[in-house]
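If you're wondering where the values come from, they're calculated on a predicted model, not measured in any experiment. Values below: every heavy atom of this structure, side chains too, minus hydrogens, waters and symmetry copies.
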Amino acid sequence: MLRDRKALLEQEIKKASNEAANMYLSIVVSGGDVHSKEYQDLKEKISNLNFDLNTVNLLIAQGHE
């Protein structure tokens with residue numbers, strides 16, 4: 001179960017990171033605001049997903065599968 005959750009989290013992080021990268025490029029090229037709500041929300045989502053992934057990895061390392 002945890003390994004399935006790990007794979008799902010990794011997929012979601014990759015997807016959100018790609019979205020953030022594209023958004024960041026658009027902001028930089030157009031002189032936009034990196035403090036926009038949409039961009040900050042995406043950064044928070046990625047941070048939360050990374051926290052969850054770290055927790056799952058810790059549990060797996062402790063022998064919980």
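Remark: the backbone N or O of Lys43 is paired with a side-chain donor or acceptor of Ser47 at under 3.5 angstrom.
Expressed to the nearest 0.5 Å, how far OG of Ser17 lies from CG of Asn50 amounts to 7.0 Å. Interatomic distance, CG of Asn54 versus CG of Leu9, reported as 10.0 Å (0.5 Å rounding). Here the CG-CD distance, from Asn57 to Glu10, works out to 7.0 Å after rounding to the nearest 0.5 Å. Separation of atoms CG (Leu58) and CG (Leu53) is listed at 11.0 Å; rounding is to 0.5 Å.
At a threshold of 4.5 Å between non-hydrogen side-chain atoms, the residues Arg5 and Leu8 count as touching.
In this structure, Gln40 and Val34 approach most closely via the heavy-atom pair NE2-O, 2.7 Å. Closest non-hydrogen pair, Leu42 versus Met23, comes out as CD2-CE, 3.8 Å. Here the shortest heavy-atom pairing between Glu12 and Lys45 reads OE1-NZ, 4.3 Å. Between Ile27 and Ser36 the shortest heavy-atom distance is CD1-OG, 4.5 Å.
Hydrophobic clustering (side-chain heavy atoms under 4.5 Å, transitive across Ile, Leu, Val, Met, Phe, Trp, Tyr) groups Ile60 together with Ile13.
By the neighbour-count criterion of 12 heavy atoms within 6.0 Å, atom CD of Gln62 is densely surrounded, having more than that number from other residues, nucleotides or ligands. The local environment of OH in Tyr24 is sparse, with at most 12 non-hydrogen atoms from other residues, nucleotides or ligands closer than 6.0 Å.
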